[in-house]
Amino acid sequence: MTAYSGRHFLQIPGPTNVPDRVLRALAQPTIDHRGPDFAELGLDLLQRVKPVFGTSGPVVIYPSSGTGAWEAALVNTLSPGDHVLAFETGHFATLWRDMAEGLGLVVDFVPGDWRRGVDPAVVAERLAADKGHRIAAVMVVHNETSTGVTSRVPEIRAAIDEAEHPALLLVDTISSLASIDFRHDEWGVDVTVSCSQKGLMLPPGLGFNAISDKALAAASSARLPKSYWGWAPILEANERGFFPYTPPTNLFYGLREVLTLLEEEGLPAVFARHARHAEATRAAVRGWGLEVLCADEREYSGSLTAVLLGEGHDADKVREIILDRFDMSLGTGLGKLAGRVFRIGHLGDFNDLTLAGTLAGVQMGLELAGVPIDPDGLQDAMRVLRTA
Ligand SMILES: *Cc1c(COP(=O)(O)O)cnc(C)c1O
């Protein structure tokens with residue numbers, strides 16, 4: 001085993017680097033989750049997490065990965081045999097589709113090329129054709145972490161409204177929340193799914209559902225089997241700051257610190273920081289003479305960039321060299337993109353020099369792997385970073 005000095009660069013698009021302040025917060029003693037101190041912590045978190053989702057409604061927190069929060073969104077709002085509309089934007093959208101089918105839903109899966117987001121025109125078309133209102137929900141992955149493509153949720157909402165269709169809008173914000181602008185209430189989202197280890201800068205282990213009034217109403221008649229994931233007992237216990245089963249207390253300490261960090265910086269500044277780092281990253285990719293996977297400039301992701309390599313070059317080989325030589329982890333190509341792309345995560349606890357270091361490591365790795373690139377890429381990124 002090689003010994004490395006300095007910090008490991010964890011530049012995968014989640015889990016992300018956990019800030020020192022958050023690591024210290026996590027290290028406090030675990031307390032009685034039925035006691036008065038816990039109630040205070042619970043009530044504080046359940047209130048302060050709402051602005052991060054852009055909601056004034058309830059946010060349910062699970063001890064789970066993001067996948068658990070996906071399942072919770074489906075089982076609380078839908079019934080066996082319900083039809084749902086989903087879009088093949090990439091690997092995560094495909095996995096969520098698989099889950100919906102596994103739960104007994106009928107999925108209308110619109111094919112995609114993994115370089116674009118959900119087309120609002122197709123949403124409008126599919127819903128307009130559904131005269132009998134059989135489609136109970138539209139499932140959208142806001143930021144496709146496998147491709148670095150961000151779907152335009154407000155336009156998707158407008159398409160649903162234009163079709164005057166009653167379907168629920170379920171949105172996965174796992175790699176966009178607290179990195180890319182998202183507004184649960186204003187955008188008319190019914191269930192927002194998220195988790196802790198990406199933009200929220202925490203270790204894995206918390207899943208979230210933000211819930212609209214319409215979704216709550218749907219929950220009262222939804223018949224998919226549920227127990228652990230059921231919203232009702234959680235919402236009831238949450239009124240007093242408690243949870244029906246043992247919550248991940250130490251992750252809650254971390255979440256409290258993350259909320260303070262986000263409040264200190266302010267969400268608009270957080271989003272602007274991510275957008276700027278994404279722009280600098282794309283400048284590097286173009287400067288190197290390589291291709292950004294995302295094919296539509298309206299859909300560039302603020303939290304990660306997927307880089308497409310030309311024929312004959314193995315993206316995993318490049319990642320391996322970078323990990324070995326520079327102690328930096330980059331995201332692998334998932335599903336259909338295996339070996340063809342690598343992904344640079346630039347979300348969470350991140351600043352200009354973290355990005356400059358990351359891109360320098362990528363450039364050196366590409367050179368060592370024998371991928372022909374123009375070394376001006378790094379300069380192009382630094383030109384973006386020099387601007388205020
Ligand atoms: C990471 C991710 C998931 C899966 O989350 P887990 O915590 O691994 O279960 C789902 N959707 C998106 C968009 C993701 O980025």
Side-chain angles (χ1 to χ4, degrees), residues 10-18 53 60-75 84 86-100 102-103 109 112 114-118 138-153 156 169-182 184 189 191-210 228-229 248 251 254-255 258 274 278 293-294 299-306 329-337 341-348:
L10 184 64
Q11 300 323 134
I12 59 175
T16 67
N17 297 289
V18 179
F53 287 83
V60 162
I61 310 177
Y62 295 100
S64 80
S65 77
T67 303
W70 265 352
E71 180 159 336
L74 300 176
V75 297
V84 295
F87 298 82
E88 191 199 354
T89 51
H91 184 67
F92 290 102
T94 304
L95 289 178
W96 202 13
R97 183 276 311 259
D98 294 347
M99 172 188 275
L103 291 169
F109 199 51
W114 293 43
R115 299 193 70 168
R116 269 161 265 266
V118 173
V138 178
M139 294 161 53
V140 172
V141 174
H142 183 211
N143 186 68
E144 224 334 319
T145 320
S146 61
T147 62
V149 175
T150 306
S151 284
R152 290 161 285 149
V153 176
I156 295 165
L169 176 57
L170 314 180
V171 181
D172 167 345
T173 64
I174 290 175
S175 63
S176 59
L177 196 82
S179 307
I180 299 168
D181 192 12
F182 178 80
H184 176 89
V189 177
V191 184
T192 296
V193 174
S194 205
C195 69
S196 53
Q197 77 272 21
K198 303 195 183 178
L200 289 179
M201 306 175 281
L202 285 161
L206 296 180
F208 300 89
N209 277 179
Y228 184 80
W229 303 115
L251 284 172
L255 178 59
V258 161
H274 282 81
L293 182 67
C294 178
E299 298 177 330
Y300 285 145
S301 169
S303 52
L304 77 136
T305 301
S329 300
L330 296 170
T332 185
L334 294 170
K336 285 183 187 176
L337 298 170
V341 309
F342 64 88
R343 295 170 299 140
I344 305 170
H346 35 72
L347 74 165

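Just follow the structure's listing: the first ligand is 1, and inside any ligand the first atom is 1.
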Q: Will you find, in the side chains of Ser179 and Ser303, an N or O donor that is under 3.5 Å from an N or O acceptor?
A: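 Absent: no donor and acceptor within the cut-off.
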Q: How would you list, by chain and number, every residue that makes a salt bridge (charged side-chain N to carboxylate O under 4.0 Å, His left out) with Arg115, sequence neighbours excluded?
A: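 Testing Arg115 for salt bridge (charged side-chain N to carboxylate O under 4.0 Å, His left out), a comparison that skips the adjacent residues, returns Glu291.
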Q: Check residues 87-94 and write down every donor-acceptor pair under 3.5 Å in which the side-chain atom is one partner and the other belongs to a residue at least two apart or another chain.
A:
residue: Glu88; atom: OE1; partner: Gly112; partner atom: N; Å: 3.0
residue: Glu88; atom: OE2; partner: Trp114; partner atom: NE1; Å: 2.8
residue: Glu88; atom: OE2; partner: Lys336; partner atom: NZ; Å: 2.7
residue: Thr94; atom: OG1; partner: Gly90; partner atom: O; Å: 2.7

Q: For ligand 1, run through the N/O pairs with the protein that fall under 3.5 Å and put one pair on each line.
A:
residue: ligand 1; atom: 7 (O); partner: Gly66; partner atom: N; Å: 2.8
residue: ligand 1; atom: 7 (O); partner: Gln197; partner atom: NE2; Å: 2.8
residue: ligand 1; atom: 9 (O); partner: Ser65; partner atom: OG; Å: 2.8
residue: ligand 1; atom: 9 (O); partner: Gly66; partner atom: N; Å: 3.2
residue: ligand 1; atom: 9 (O); partner: Thr67; partner atom: N; Å: 2.8
residue: ligand 1; atom: 9 (O); partner: Thr67; partner atom: OG1; Å: 2.5
residue: ligand 1; atom: 11 (N); partner: Asp172; partner atom: OD2; Å: 2.7
residue: ligand 1; atom: 15 (O); partner: Thr145; partner atom: OG1; Å: 2.4
residue: ligand 1; atom: 15 (O); partner: Lys198; partner atom: NZ; Å: 2.7

Q: Got a second to check how far Leu337's CG is from Leu293's CG, nearest 0.5 Å?
A: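 These two atoms lie 5.5 Å from each other.
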Q: Could you pull out the closest heavy-atom pair between Leu206 and Pro248, with the gap in Å?
A: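 Heavy atoms only, the tightest pair is CD2-CG, 3.3 Å.
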Q: Report all side-chain donor-acceptor pairs from residues 60-70 shorter than 3.5 Å, counting only partners two or more places apart or in another chain.
A:
residue: Tyr62; atom: OH; partner: Trp229; partner atom: O; Å: 2.7
residue: Tyr62; atom: OH; partner: Trp231; partner atom: NE1; Å: 3.3
residue: Ser65; atom: OG; partner: Thr67; partner atom: N; Å: 3.2
residue: Trp70; atom: NE1; partner: Asp172; partner atom: OD2; Å: 2.9

